[in-house]
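Any value given below was found using the heavy atoms of this structure, including those in side chains, with hydrogens, waters and symmetry copies removed.
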Amino acid sequence: MQFDHFNLKQDDGLMSIEDLKALRLRKQKTESDKKARKYILEINQRYRKMSAHKSNNFLKNINTFKKAV
């Protein structure tokens, strides 16, 4: 049986044991990839938020009209 790698919602009614195992492994891999991408996205968002906050504070602290002490 040929698999359509882009269509994960296939009918698994008449599949051999090897095909079922391959389908199950592919679904697990897809789910783990989704979780990994979501985790990386969350980390990147936190990093962007921290970086933006640091750069905003840096720009606020630079005052060209301050007198040198």
Does Ile17 CD1 have over 12 foreign heavy atoms under 6.0 Å away? no
Transitive ILVMFWY cluster of Ile43, excluding itself - 4.5 Å side-chain cut-off: Tyr39
Those residues that, when tested against Ser32, pass side chain to side chain contact (heavy atoms under 4.5 Å, CB included) (two or more places apart): none
CZ (Arg46) and CG (Leu41) are apart, to the nearest 0.5 Å, by 10.5 Å
Once salt bridge (Lys or Arg N to Asp or Glu O under 4.0 Å) is applied, do any residues pair with Lys38, and if so which ones, sequence neighbours excluded? none
Nearest 0.5 Å please: distance from the NZ atom of Lys21 over to the CZ atom of Arg24. 7.5 Å
Output for pair (Leu23 CG, Asp19 CG), nearest 0.5 Å, gives 8.5 Å
Taking the side chain as C-beta and beyond, is there a heavy-atom pair between Gln28 and Glu31 under 4.5 Å? no
Residue set satisfying side-chain hydrogen bond (donor to acceptor under 3.5 Å, both in side chains) with Lys29, at least two apart, ordered chain then number -> Asp33
